[in-house]
Structures are given as C-alpha cells and as structure tokens.
Amino acid sequence: MARWGVVIVLLYGLVALLTPLLIHLGWLADPNAGLANPIYAPPSLAHWCGTDRLGRDVCVRTLAGSGVALQVVLVALVLALLVGVPLGMVSGYLGGGVDRSLVLLMDTLYTLPVLLLSVVLAFLLGRGLPNAAAALCVVYVPQYFRVVRNQTAQVKAELFVEAARSLGAGPLWILRRYLLRNVITSVPVLLTLNAADAVLVLGGLGFLGLGLPETIPEWGGDLQQALTAVPTGIWWTALYPGLAMFVLVLGLSFLGEGLESWLAGQPERSS
C-alpha cells in the first residue's frame with residue numbers, strides 16, 4: 001500500500017508542478033476561460049473531459065485543482081505541525097498548570113466536529129487560500145498536540161532524560177536534543193492521514209461555498225456547480241473532480257497505513 005501511495009502522491013505532485021507551466025506556455029487552456037467554448041459539451045478530442053456550464057474545460061480545471069488542493073493542505077498541516085508539536089512537548093514536559101490549561105483548550109477544540117469547526121472558521125475568515133489553510137490548521141493542531149504531549153510525558157521519565165537533567169541540562173536543551181526525536185516518530189503517520197482528511201474537508205468547504213474564490217479551480221466548488229447538471233444527464237462535470245479527489249485521498253491513506261506498518265517494525269530510539 002505504501003508503494004501505491006507514494007506513486008499516487010508523486011503523480012499528483014508532478015501534475016501540480018507541470019499544470020501551471022503548461023498553461024503559461026499555452027499548451028493547456030486557461031482554466032477560467034470558456035466564452036469561446038460551448039457550454040456542457042460532452043467529452044471529445046477538443047475537450048477530453050467536456051466543458052462545464054460556463055464553457056470552461058473540465059480536464060484543465062481538474063488538473064489545476066490538484067495543485068490548489070496540495071498547496072492548501074500542505075500549508076495547513078505545516079502550520080499545524082509548527083504550532084501543535086511545540087505546544088505538546090512543552091505541555092507534556094512541564095506539566096502542572098501549563099499542562100492543564102493547554103489540555104483544556106485543546107480538548108475543547110478536539111471535541112468539535114472537524115467539518116463544523118472548519119466551516120465556522122472559514123465563515124469568519126472569509127474565502128481565500130490563506131484563510132482556508134488557516135481554518136484547516138486550527139482543526140488539526142489539537143491532534144498533534146495530544147499525540148506529542150502523551151509521548152513527551154512518557155519519555156521524560158526515562159533514565160537518559162533524568163541523567164541529562166542531573167548534569168545540568170536545561171528544559172530547552174532536553175526538549176530539543178533528547179525528546180524531539182523520540183516523540184516525532186508518530187507524526188509522519190498522523191500527517192499523511194490528516195492530509196487525506198484535509199482534502200475532503202477542503203472539498204466540503206468548497207462545496208458549501210466557503211472555500212476558495214470562484215476564480216481559483218477547486219474540486220469542491222466544481223462539484224457544487226455540477227450538482228444541478230447531474231440530474232439532466234451531464235455527468236462529466238461531477239465525475240472528474242470527484243474522481244481526482246477520491247484517488248488523492250486513497251493515495252494519502254495508503255501512504256499513511258504503509259508508514260504506520262513500517263514504523264511499527266522499527267526499533268525505538270532512546271538516546
């Protein structure tokens with residue numbers, strides 16, 4: 001599964017890198033240009049995936065949506081890592097009032113449904129790529145916090161940490177030198193699984209009209225626009241964006257499951 005996951009994710013990354021270049025060179029049509037094309041044209045040699053209600057090429061918009069999805073998800077999860085991992089380490093290592101306050105805050109966020117919290121944040125922040133990434137970031141910070149905090153609380157009782165503390169090492173040195181590499185091992189698995197979930201949440205925001213502006217190709221927004229056309233037999237405007245989202249989620253899930261199996265067979269590092 002990990003091999004298939006790597007292949008799928010690399011293919012999407014390649015598409016995300018090449019599509020803007022091909023559009024700039026004129027080899028692919030502008031994803032927002034459609035005035036010269038017939039509306040709801042079925043798949044043909046001129047338009048491999050057909051056109052939508054505005055005459056825009058569905059194939060080009062689906063390809064361009066790959067880069068948008070990966071960009072938003074990557075920014076959101078990197079921000080969640082940069083916030084959740086340090087907070088989890090500090091909370092697990094210091095304990096006391098700091099730990100109780102942070103745990104209460106994160107548990108409050110964690111109990112809220114992911115889609116509901118992201119919808120509320122997207123509504124408050126408005127539509128836009130940075131705003132969508134920020135909304136997703138807040139959703140996933142508690143997950144990294146909980147995992148890292150629990151592992152930090154366990155590892156800090158190990159003998160090598162006690163030895164470092166007795167030799168005069170400060171909290172910052174212990175966190176950076178001894179604890180980080182011992183608690184970070186489970187993060188890659190959570191990262192890939194959260195990436196798969198974030199693709200679906202981003203699609204849900206776009207479907208509800210709370211994701212990205214209409215000028216930016218996005219799978220969820222295209223699916224929402226295709227909703228009224230599907231009952232009339234116009235299937236291509238919904239099939240290709242939905243299929244692209246499904247395959248990317250499948251690849252990220254395969255990658256996460258493969259990483260989990262591989263890490264489970266690796267010996268723990270304790271020093």
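Throughout, residue positions are numbered sequentially from 1 according to the sequence presented.
Taking every heavy atom of both residues into account, Gly92 and Thr152 meet most closely at C-CG2, 3.9 Å. Minimum interatomic distance between Gly55 and Asn37 (heavy atoms only, all atoms of both residues): O-ND2, 2.9 Å. Among all heavy-atom pairs drawn from Ala135 and Ala122, the shortest one is CB-N, 4.0 Å. For the pair Glu218 and Leu212, the tightest heavy-atom approach, listed with the atom from each and the gap, is CG-CD1, 3.7 Å. Taking every heavy atom of both residues into account, Leu125 and Asn131 meet most closely at O-ND2, 3.0 Å. A pairwise comparison of heavy atoms in Leu136 and Ala76 identifies CB-CB, 3.6 Å as the closest pair.
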Decide side chain to side chain contact (heavy atoms under 4.5 Å, CB included) for Leu190 and Val147; before the verdict, give the C-alpha distance in whole Å, the side-chain angles of both, and the deciding distance to 0.1 Å.
CA-CA 9 Å; Leu190 188 59; Val147 170; 3.9 Å; yes

Hey, mind stepping through Trp173 and Tyr178 against side chain to side chain contact (heavy atoms under 4.5 Å, CB included) and telling me if it holds?
CA-CA 8 Å; Trp173 175 264; Tyr178 295 103; 3.7 Å; yes

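Met89 CE to Leu94 CG: the interatomic distance, rounded to the nearest 0.5 Å, is 10.5 Å. One distance of note links CD1 of Ile216 with CD of Gln71; it measures 8.5 Å at 0.5 Å rounding. For the atom pair Leu200 CG and Leu205 CG, the distance stands at 11.0 Å (nearest 0.5 Å). The CG atom of Leu109 sits 10.5 Å away from atom CZ of Phe145, with the distance rounded to the nearest 0.5 Å. Taken to the nearest 0.5 Å, the CG atom of Leu18 stands 11.0 Å off from the CD1 atom of Ile23. We find the OH-CG distance between Tyr40 and Leu54 to be 8.0 Å, quoted to the nearest 0.5 Å.
In the hydrophobic cluster analysis, where Ile, Leu, Val, Met, Phe, Trp and Tyr join through side-chain heavy atoms closer than 4.5 angstrom, Tyr144 is grouped apart from Tyr110. Clustering ILVMFWY residues whenever any of their side-chain heavy atoms sit less than 4.5 angstrom apart, transitively, puts Val9 in a cluster other than the one holding Val15. Linking ILVMFWY side-chain heavy atoms closer than 4.5 Å, directly or via other members, places Leu79 and Val138 in two distinct hydrophobic clusters. Connection of Val83 to Leu74 is not established within any shared hydrophobic cluster, with ILVMFWY side chains joined at heavy-atom distances below 4.5 Å, either directly or through further cluster members. Following chains of ILVMFWY side-chain contacts shorter than 4.5 Å, one can reach Leu112 starting from Leu210, so the two form part of one hydrophobic cluster.
Looking at heavy atoms from C-beta onward, Cys59 lies in side-chain contact with Leu63 at the 4.5 angstrom threshold. For the pair Pro213/Thr215, a side-chain contact is recorded, criterion being any heavy-atom separation below 4.5 Å from C-beta on. Using a 4.5 Å heavy-atom cutoff, the side chains of Arg177 and Arg181 are in contact. Contact of the Phe160 side chain with the Val155 side chain is registered, since non-hydrogen atoms from C-beta on lie closer than 4.5 Å. No side-chain heavy atom of Val58 sits under 4.5 Å from any side-chain heavy atom of His47.
Under the 3.5 Å distance criterion, the side-chain polar atoms of Ser101 are left unmatched by any main-chain donor or acceptor of Val98. Tyr93 contributes no side-chain N or O that, together with a main-chain N or O of Ile174, makes up a donor-acceptor pair within less than 3.5 Å. A donor-acceptor pair under 3.5 Å is formed between the side chain of Thr232 and the backbone N or O of Ala229. Not a single donor-acceptor pair under 3.5 Å links the side chain of Ser91 to the backbone N or O of Leu87.
Checked against salt bridge (charged side-chain N to carboxylate O under 4.0 Å, His left out), Glu162 has the following partners two or more places apart in sequence or in another chain: Arg165.
Within 6.0 Å of atom CG in Leu21, more than 12 heavy atoms from other residues, nucleotides or ligands are found, so the atom counts as buried in its surroundings. Atom CD of Gln224 sits in a crowded spot, with more than 12 heavy atoms from other residues, nucleotides or ligands closer than 6.0 Å.
Remark: of the listed residues Ile184, Val189, Val183, Ile184 is the sole one forming a side-chain contact (heavy atoms from CB on, under 4.5 Å) with Val187. Partner of Asp107 under the salt bridge (charged side-chain N to carboxylate O under 4.0 Å, His left out) criterion, out of Arg100, Arg146, Arg149: Arg146 alone.
Within the structure, the salt bridge (Lys or Arg N to Asp or Glu O under 4.0 Å) test picks out the following pairs touching residues 58-84 (sequence neighbours left out): Arg61-Asp222.
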Atom pairs and distances, side-chain donor-acceptor, residues 234-259, under 3.5 Å, sequence neighbours left out:
{"from": "Trp236", "atom 1": "NE1", "to": "Ala41", "atom 2": "O", "distance (Å)": "3.2"}
{"from": "Trp236", "atom 1": "NE1", "to": "Thr51", "atom 2": "O", "distance (Å)": "3.0"}
{"from": "Ser253", "atom 1": "OG", "to": "Val249", "atom 2": "O", "distance (Å)": "2.8"}

